[in-house]
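Encoded as structure tokens, the structure appears first; notes follow it.
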Amino acid sequence: MAKDIFTLGPVLSFRGIDGKGQWRVTALIGIAKGAEIPKFKVEGRNCGAPTVLLEHKKETFLRYDLSCPIGPKERKVEFGLAQGQAAWHFTVPGKGDAPRMAYVSCNGFSDPSSMRKLVRPANAVWSDLLCNHDSTLRPDDYQLDKEQLWHEERLHDNGLQRFHLLLMGGDQIYFDSIWEEIGALKSWVGLSRPEQLFFPISKALEKEIEDYYFGLYSRRWLPESRLPWAGKEPNRDAADAMARIPTVMMWDDHDIFN
């Protein structure tokens with residue numbers, strides 16, 4: 001199953017439109033170091049060998065090219081593992097069409113204790129976005145509101161998805177827990193301003209911070225607790241959204257150090 005293969009992703013990224021009229025999309029995945037490199041297909045054709053972006057500890061991060069031509073009308077494009085274990089879809093606009101975009105930001109909580117105060121499930125907003133985006137992801141008891149009904153005949157009844165792009169305006173992940181979980185940084189908070197400014201960053205601390213970043217992205221973007229990719233039931237979470245809508249991301253403070 002794909003969940004067993006990936007440690008991260010797939011995360012789709014929009015790379016623009018090239019001079020040949022290609023809708024340029026890439027997919028980022030992480031796999032265990034030394035594992036067989038997965039083969040991907042898009043629209044039934046092989047994607048070719050991926051670019052190895054980085055090897056970190058026990059993981060290898062790969063980027064696949066899913067680019068496809070823009071046609072006269074918008075269409076839904078299937079991509080997935082060549083062996084057929086799992087597949088996803090994104091929608092490409094027609095030539096000359098303005099892309100439909102969703103905007104999100106602040107995917108998380110600066111204070112983890114806030115999770116305990118939630119009235120609705122943690123993924124409720126992602127679930128609503130995905131149910132708006134793709135009718136195949138909706139639970140049986142999902143109720144359409146008037147705004148969503150307007151898109152049914154135009155898009156979903158024609159087998160299309162609602163959004164071409166997902167604009168992510170920062171705080172894709174909250175790293176505030178780093179100040180509690182790395183001892184040296186927790187001590188740094190209590191230092192005087194001059195001591196903070198001249199605090200030495202050792203190679204060991206730099207590596208500890210880097211390891212924390214890689215680990216937290218993997219845990220937040222593809223949690224171990226979620227259902228497998230190849231399962232029949234979608235998770236309706238951030239991972240589902242980023243695997244189905246090409247993203248355009250910008251950084252903000254919580255993505256690095258707040």
Side-chain angles (χ1 to χ4, degrees), residues 9-18 21-29 40 42-43 63-80 86-108 121-139 142-173 220-222 226 229 233-252 255:
V11 177
L12 301 185
S13 295
F14 178 60
R15 303 281 173 172
I17 301 172
D18 67 15
Q22 292 276 316
W23 185 255
R24 298 179 59 232
V25 174
T26 58
L28 167 72
I29 68 164
F40 271 75
V42 59
E43 292 194 297
R63 182 173 65 208
Y64 292 80
D65 186 358
L66 306 180
S67 300
C68 45
I70 299 174
K73 294 183 179 180
E74 67 176 315
R75 70 188 189 283
K76 189 161 71 173
V77 169
E78 180 175 283
F79 76 97
W88 303 265
H89 298 84
F90 60 91
T91 292
V92 178
K95 186 176 181 179
D97 292 347
R100 296 184 296 271
M101 296 176 281
Y103 178 85
V104 300
S105 67
C106 303
N107 177 34
N123 286 319
V125 177
W126 284 115
S127 178
D128 184 65
L129 171 70
L130 286 160
C131 289
N132 271 266
H133 174 61
D134 191 332
S135 61
T136 66
L137 301 178
R138 296 170 183 166
Y142 186 73
Q143 299 294 315
L144 292 168
D145 59 28
K146 291 182 179 180
E147 194 269 340
Q148 290 166 290
L149 282 169
W150 189 81
H151 297 279
E152 289 302 293
E153 185 176 351
R154 298 173 56 251
L155 302 175
H156 301 300
D157 290 352
N158 293 316
L160 299 170
Q161 297 165 313
R162 182 169 170 186
F163 302 114
H164 300 116
L165 297 175
L166 182 64
L167 307 186
M168 303 184 75
D171 300 338
Q172 273 69 258
I173 189 169
R220 294 284 174 82
W221 280 10
L222 197 69
R226 76 192 304 275
W229 276 125
E233 182 68 18
N235 291 268
R236 304 184 191 95
D237 58 2
D240 265 330
M242 291 187 289
R244 290 172 168 85
I245 317 173
T247 64
V248 179
M249 299 187 193
M250 63 172 281
W251 293 102
D252 200 2
D255 296 293

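Taking S13 as the reference, nothing meets the side-chain hydrogen bond (donor to acceptor under 3.5 Å, both in side chains) condition, with sequence neighbours excluded. R15 is linked by a side-chain hydrogen bond (donor to acceptor under 3.5 Å, both in side chains) to T26, counting only residues two or more places apart in sequence or in another chain.
The two residues L165 and I245 have their closest heavy-atom pair at C-CG2, 3.4 Å. The two atoms that bring M168 and W126 nearest to each other are CE-CH2, 4.2 Å, heavy atoms only. Closest approach of A239 to L222, counting heavy atoms only: CB-CD1, 4.2 Å. Taking each heavy atom of L144 and L149 in turn, the nearest pair found is CD1-CD2, 3.7 Å. Closest approach of I70 to P93, counting heavy atoms only: CG2-O, 3.3 Å.
Counting heavy-atom neighbours within 6.0 Å of E147 CD, excluding the residue itself, gives a total above 12. For K76, the NZ atom is densely surrounded, since the number of other residues' heavy atoms within 6.0 Å is greater than 12.
The main-chain N or O of E153 is found under 3.5 Å from a side-chain atom of N158 such that the two form a donor-acceptor pair. R24 places no side-chain N or O within donor-acceptor distance of the main-chain N or O of G16, the cut-off being under 3.5 Å. Under the 3.5 Å distance criterion, the side-chain polar atoms of H156 are matched with a main-chain donor or acceptor of N132. In terms of modelled atom types and a separation under 3.5 Å, the side chain of W229 and the main chain of G9 share a donor-acceptor contact. Here the side chain of T247 pairs a donor or acceptor atom with the backbone of L12 at under 3.5 angstrom. Not one N or O on the side chain of D240 forms a donor-acceptor pair closer than 3.5 Å with the backbone of A243.
Looking at E74, H151, Q161, H133 one by one, the single match for side chain to side chain donor-acceptor pair (under 3.5 Å) with R100 turns out to be E74.
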Inset, instruction - Starting from the C-alpha separation in whole Å, work towards a yes-or-no answer on side chain to side chain contact (heavy atoms under 4.5 Å, CB included) for F14 and F90. - result: CA-CA 11 Å; F14 178 60; F90 60 91; over 6 Å; no
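Between E78 and R75 no salt bridge is recorded (no basic side-chain N to carboxylate O distance below 4.0 Å).
Taken from CD in E43 to SG in C68, the straight-line distance is 5.0 Å, to the nearest 0.5 Å. Rounding to the nearest 0.5 Å gives a distance of 12.0 Å between CG of D18 and CH2 of W23. Separating the NE2 atom in H164 from the CG atom in L166 is a distance of 13.5 Å, to the nearest 0.5 Å.
Taking the six-membered ring where tryptophan is involved, the planes of W88 and F40 are essentially parallel, since the angle between them stays under 30° and well short of 60°.
Between P234 and L130, the closest side-chain pair of non-hydrogen atoms is not below 4.5 Å. At least one side-chain heavy atom of Q148 sits under 4.5 Å from a side-chain heavy atom of Y142.
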